Amino acid sequence: MQLFEYMITKEVSQASLAERIGVSQPTLSRYISGDVVPSVVTALKIQKITNNDVPVEAWLTIKDDIQDAIRLVQAAQRGEAVSYTHLRA
């Protein structure tokens with residue numbers, strides 16, 4: 001489960017969850033949007049606070065997707081043919 005899904009399912013506000021995790025609400029918002037990937041320590045806190053509903057692995061997937069996207073953009077900028085078929089929807 002992703003963090004946003006957890007918050008909707010459990011009816012948790014960004015402000016209250018941010019306080020429990022120990023980050024600001026804007027930082028939590030960046031985690032939710034995928035703009036920022038939390039540190040391993042913070043991801044472990046999230047996992048603990050959510051009773052494993054949002055595991056550390058959820059963030060690794062996001063980071064891997066971002067790295068894949070960066071590689072594709074760099075390849076396209078070099079004029080190489082790129083395929084997007086391996087990316088998840």
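All values below were derived from every heavy atom in this structure, side-chain atoms included, with hydrogens, water molecules and symmetry-related copies excluded. From a predicted model like this one, the values you see are computed outputs, not experimental measurements.
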Min side-chain heavy-atom separation Lys10-Asp53 under 4.5 Å:
yes
Tell me whether Gln25 at atom CD has more than 12 heavy atoms from other residues, nucleotides or ligands lying less than 6.0 Å away.
yes
Side chain to side chain donor-acceptor pair (under 3.5 Å) filter on Ser13, not counting sequence neighbours, yields Ser16
Side chain to side chain donor-acceptor pair (under 3.5 Å) partners of Ser24, counting only residues at least two apart:
Thr27
Would Glu5 and Val54 count as a side-chain contact (heavy atoms from CB on, under 4.5 Å) if you check the C-alpha gap in whole Å, the side-chain angles of each, and the deciding distance to 0.1 Å?
CA-CA 9 Å; Glu5 295 170 294; Val54 183; over 6 Å; no
What donor-acceptor contacts under 3.5 angstrom involve side-chain atoms of residues 38-46, with partners at least two apart or in another chain?
residue: Ser39; atom: OG; partner: Thr42; partner atom: N; Å: 3.1
residue: Ser39; atom: OG; partner: Thr42; partner atom: OG1; Å: 3.1

Of all pairs that satisfy side chain to side chain donor-acceptor pair (under 3.5 Å), the ones with a partner from residues 69-80, not counting sequence neighbours:
Asp68-Arg71, Arg78-Glu80
Output all residues satisfying side chain to side chain donor-acceptor pair (under 3.5 Å) with Asn52, sequence neighbours left out; order by chain, then residue number.
Gln47
Rounded at 0.5 Å granularity, tell me how far OH in Tyr31 sits from CD in Gln2.
14.5 Å
Partners of Ile32 by side-chain contact (heavy atoms from CB on, under 4.5 Å), sequence neighbours excluded?
Leu3, Phe4, Met7, Gln14, Leu28
